[in-house]
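Accompanying notes for the structure given below.
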Amino acid sequence: MDNRELAETFDRIGDLLEIKGEVVYKVLAYRRAAESIRSQSRAVADLWREDELRSIPGVGEALATKIDELMRTGKLDYFEKLKREVPVTLVDVLRVGDVGPKKAARFWKELGIQDLPALEAAARDGRLQRLRGMGERSEARILKSIEALKARQTSRVSIARARPVAESLLERLRFLPGVAAAEAAGSLRRCRETVGDIDLLVAARRPQDVIRAFLSFDDISRVRGQGDTKASVEMASGLAVQLWVHPPEHFGTALQYATGSQAHNVRLRELAQSKGLSLSEHGFKQANGSIRECDDEVEVYRLLGLPWIPPELREDRGEVEAALEGRLPDLITQADIHGELHAHTDWSDGAATLEEMAEAAAQAGLDYLVITDHSRSLGVANGLTPERVRQQRRKIDALQKKIGGRLRLLHGTEVEILADGRLDFPDDVLAAFDLVTASVHSSLRQSRGRVTSRMLAAIRHPHVDIIGHLTGRMIGTRDPADLDLEAVFQAAAEQGVALEINAHPDRLDLNEAHARRATELGCLLAINTDAHRPEHFALRAYGIGIARRGWVTLANVVNSWDVDQVLRWARGHAR
DNA sequence: GCCGTTTTCGGCCCGACTGTTTTCAGTCG
C-alpha cells in the first residue's frame, strides 16, 4: 500500500468519524496523520519494514497499529466496521460547499440521504428547507454548491493557470484608490504545484471600498460571500478567488495568516500561546487585552522568537522546529541558476530554431545553454539519428562562433532509455556530447522491478550525467511510473549523476517530496525547463518553487555552477 | 488520537461570514 492510498484511507476514516459525531480531535488526528503521510519523503511501507512508523509526525500507538494491519492484510477491520455504521458515499456529500459534517449527518438521519444524487434530488424537491435550522436560502446555496462541484473536473488547478489570473487581479487591485499593497497569498505564494483557490490580500484604509470595487470586476461570475473584510467569488473561468482586506498596520499578521498553510498557522498560534499571546490576522493579543500590531511579516516571526520562514516551507513539515533550532535551509533562488541543461529545438520536437533558442536563453540571463534534442527512437518527436547529431554539432559550433561570448552553447542530448534499459545511442555517439540527459518517455507502465532496473542501468551508464523527469508523470493526466525511488536516489548519489527537477508545470518531476529525500541522500539535482519554445525559459520559476518546497539548497544544484564546473563534472563523475 | 523543559492526563488556533435564530451553530480558511 503506497503513501497516497494510506493517506486517503485515513482521510476517509476522519470524514466518517466526523459525520458520526466523534470528538473533533480524533478526527483531526486522522487528518493530520494523513497529511503527514502524504508529505513523507519516504515510502511508509519502508518505514513499516524498519519498524519506524512512530517516527512519522502524528502517528502514535493506535495509528501505527492500524498501518501495520493495512500493510500486512491490505485491509483495516476498524474501517470496515465504520463503513457499516456510516455510508461511505456520504463523504461525497461533505465535498459540497456549505455542507459540513453536522448537516451531512442530519440529511442522512432525517431524510435518508446517503449520496450526492440523493442530496441534489432532495434540494430540488424542497425537502432540505423544511428541516429545522434550514431555510429557502440555505437550500438554494447548497444547490448552487452542488452545481459548482459538478462543473469543475478537479478541485485544484495548475499553479501555472492560477498565477496569471492572480497577477491580473492584483494589477487592478493595486490601481484602486487607497490601496497600499496587494499580494498573492495562500498556496500560490507557497508555490504548491496546484492550487485550490486564489487567495489575495490587500492593505487599505477603507476595506469596504476595495471589496465593492473588487466585486464589480467584469470577469467575476458569482459572489459566494462578502463581508466587511473579505469576499469570496468565482471567476468566469471557474477559478475561486478569496480576497482579504486589512488596514496597513495589520499587513504582516494578515499576510502571514492568509499565506498559511493552516497547519503551519496552527503551529505558530500554539507557539504564541506558549508565550502568553494570542495570534490572529489582526495582531498579537496580549494577556491584558491590548493588541500588538505588525505591518511586516518578518516582525511576526521575530515576536515568536523565529527567523522569517520562507512561504514554500510553511507546511508544518518540520520548518518550525528547524527555525527554532536555527537550522532553516538556505533555499535555492532563481538568481542562483546560471544555465539551462535541457532544451529542444526544431531539430526534434521544439518549436524554434537553434538561433532563436540561444537568443531567448541569453535574454533570460543565462550564461550557458545545453541543446538536448531527442534521440532517434522517439519517432513522434522527430528524434535525431547519429548522422543528424553530427550535423547538429557542426551547426552549434558555427552558431557559437557567431554569437561570441554572450552565451556558451553546449551540445547535449535527451537520450531515450529504451524498454530494456539500453540507451538509444551507441557509446561512441554518446561520448561525443558535452552532456547527456537520459529520460523515459514510454513503457512507463512496466512493473516496479523492470522500471527500476531500467533506471538503475541508465544511472550506472558511464556516459549519463542527468536523469530527466524521473517518474514521467503528467499532473492530472498520467500517473508516475512505479519506481523504487530509494534505490534510484542511492544509485544517483553514488554515481554523481544528477536528477532533474523538470520545471514544466505539467510535470514538476521530481516532486517536492522526492526532491527533499534526494537532497537528504546527497543527490545532485538539475532544475531544468525542458524548453520547447523560447518563452518556456520562464517556466523555471515553477521548478524553483518545487525545489524550495523540497528544502533544496544551492550546494547540490548543478546548474547553479559555472559552465566550466559543469563540464568538469560531466567529464569526471564515476567514469 | 496525539503529545509533553509548565503535563503520561488534559489540553489540542482564531476569527469572518451566513442563515436562521432571538443569542448561536455551522462552515470555512
Side-chain angles (χ1 to χ4, degrees), chain A residues 10 13-14 17-19 21-36 53-67 78 93-107 128-142 144-145 185-187 190 195-201 207 211 223-233 240-246 250 253-254 256-285 291 304 316 320-321 324:
Chain A
F10 283 170
I13 290 173
L17 288 175
E18 196 174 34
I19 294 169
E22 188 57 81
V23 289
V24 295
Y25 297 111
K26 190 188 266 199
V27 175
L28 288 174
Y30 275 94
R31 298 227 169 106
R32 180 165 144 68
E35 195 45 47
S36 181
L53 288 177
R54 299 290 298 274
S55 71
I56 304 167
V59 173
E61 189 63 48
L63 290 187
T65 305
K66 290 185 170 69
I67 293 173
Y78 177 76
V93 170
L94 278 187
R95 304 281 102 82
V96 177
D98 309 309
V99 178
K102 298 294 199 311
K103 283 182 190 162
R106 288 191 57 206
F107 296 159
L128 299 186
Q129 59 174 288
R130 291 202 286 273
L131 294 179
R132 183 173 35 82
M134 293 284 298
E136 218 173 310
R137 294 162 100 158
S138 301
E139 187 176 70
R141 240 179 123 80
I142 286 172
K144 279 205 163 173
S145 294
S187 47
R190 302 201 310 279
V195 305
D197 59 14
I198 294 173
D199 296 302
L200 303 176
L201 178 68
I211 288 182
V223 178
R224 275 188 54 85
Q226 65 181 100
D228 293 340
T229 63
K230 60 183 275 194
S232 172
V233 304
V241 179
Q242 265 197 112
L243 174 73
W244 283 276
V245 189
H246 281 267
H250 294 181
T253 43
Q256 195 291 310
Y257 158 76
T259 299
S261 67
Q262 198 157 345
H264 176 84
N265 287 358
V266 168
R267 290 301 308 277
L268 291 198
R269 287 165 180 209
E270 285 170 355
L271 201 56
Q273 277 194 320
S274 73
K275 296 176 183 300
L277 300 167
S278 169
L279 171 62
S280 78
E281 57 268 43
H282 305 294
F284 289 90
K285 196 184 288 174
I291 304 270
L304 292 168
D316 190 24
V320 176
E321 291 76 4
L324 282 167

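By convention in this document, chain letters (A, B, ...) are assigned in the order of the sequence lines, proteins followed by strands, and residues within each chain are numbered from 1.
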Side chain of [X] (C-beta onward), nearest among [options]:
X	options	answer
A:Leu63	B:dC13, B:dT20, B:dC2	B:dC2
A:Lys66	B:dG1, B:dC12, B:dG29	B:dG1
A:Lys103	B:dT20, B:dC2, B:dG26	B:dG26
A:Ser138	B:dC13, B:dT20, B:dT27	B:dT20

Distance between the [atom1] atoms of [N] and [M], in whole angstroms?
N	M	atom1	result
B:dG10	B:dG15	C1'	25 Å
B:dG1	B:dA16	P	34 Å
B:dT6	B:dC2	P	23 Å
B:dT20	B:dT27	P	14 Å
B:dG26	B:dT21	C1'	13 Å
B:dC3	B:dC13	P	14 Å
B:dC17	B:dC12	P	25 Å

Tell me, please, which residues at least two apart from [X] pass salt bridge (charged side-chain N to carboxylate O under 4.0 Å, His left out).
X	result
A:Asp199	none
A:Lys26	A:Glu22
A:Glu35	A:Arg38
A:Arg137	none

Quick one: label [X] by what it contacts on the DNA or RNA (base, sugar-phosphate, nothing), any heavy atom closer than 4.0 Å.
X	value
A:Val96	sugar-phosphate
A:Gly97	sugar-phosphate
A:Val59	sugar-phosphate
A:Asp98	sugar-phosphate
A:Arg141	sugar-phosphate
A:Glu136	sugar-phosphate

If the condition is side-chain hydrogen bond (donor to acceptor under 3.5 Å, both in side chains), which residues does [X] pass it with, not counting sequence neighbours?
X	answer
A:Glu270	none
A:Arg95	A:Asp15
A:Asp197	none
A:Glu61	A:Arg54

Q) Can you name the closest pair of heavy atoms from A:Ile211 and A:Gly227 and give their distance? A) CD1-O, 3.5 Å
Q: Locate the shortest heavy-atom distance separating A:Arg267 from A:Asp316; write the atom from each residue and the value.
A: NH1-OD1, 3.1 Å
Strictly distance-based, threshold 3.5 Å: is any side-chain N or O of [X] a donor or acceptor partner for the main-chain N or O of [Y]?
X	Y	answer
A:Ser145	A:Arg141	yes
A:Glu18	A:Val27	no
A:Ser232	A:Arg224	no

I need the [atom1]-[atom2] distance between [X] and [N], as an integer number of Å.
X	N	atom1	atom2	value
A:Glu61	B:dC2	CD	P	8 Å
A:Arg267	B:dC3	CZ	C1'	11 Å
A:Ile13	B:dC2	CD1	P	12 Å
A:Phe107	B:dG26	CZ	P	12 Å
A:Arg95	B:dG29	CZ	C1'	16 Å
A:Leu128	B:dT18	CG	C1'	16 Å
A:Leu268	B:dG29	CG	C1'	15 Å
A:Gln256	B:dG29	CD	P	17 Å

Q) Is there a Watson-Crick or G-U wobble partner for B:dT8 with both distances under 3.5 Å, and which nucleotide is it? A)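 Pairing partner: none.
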Q. Would you say B:dG1 has OP1 or OP2 under 4.0 Å from some side-chain N or O of A:Arg32?
A. no
Q: Kindly say if A:Tyr25 contacts the phosphate of B:dG1, meaning a side-chain N or O under 4.0 Å from OP1 or OP2.
A: no
Distances under 3.5 Å between nitrogen or oxygen atoms of protein and nucleotides 21-25 of chain B:
none

Q) For A:Val99 and A:Tyr30, take the nucleotide of DNA chain B holding the closest heavy atom to each; which residue's nucleotide lies nearer the 5' end? A) A:Tyr30
Q) Relative to the 5' end of DNA chain B, which residue comes earlier, A:Gly100 or A:Gly58, by the nucleotide with the nearest heavy atom? A)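 By nearest-heavy-atom nucleotide position, the 5'-most residue is A:Gly58.
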Is there any protein nitrogen or oxygen under 3.5 Å from a nitrogen or oxygen in nucleotides 4-8 of chain B, and what are the pairs?
none

Could you write out each protein N or O paired with an N or O of nucleotides 14-17 of chain B at a distance under 3.5 Å?
residue	atom	partner	partner atom	Å
B:dC14	OP1	A:Ser278	OG	3.3
B:dC14	OP2	A:Gln273	NE2	3.4
B:dC14	O4'	A:Arg269	NH1	2.9
B:dC14	O2	A:Arg269	NH1	3.3
B:dG15	O3'	A:His282	NE2	3.3
B:dA16	OP1	A:His282	NE2	3.1
B:dA16	O3'	A:Thr229	OG1	3.2
B:dC17	OP1	A:Asp228	N	2.9
B:dC17	OP1	A:Thr229	N	2.9
B:dC17	OP1	A:Thr229	OG1	3.3
B:dC17	OP1	A:Lys230	N	3.2
B:dC17	O3'	A:Gln226	O	3.3

Q. Who passes ring-ring contact (aromatic ring centres under 6.0 Å, His included) against A:Tyr257, sequence neighbours left out?
A. A:Trp244
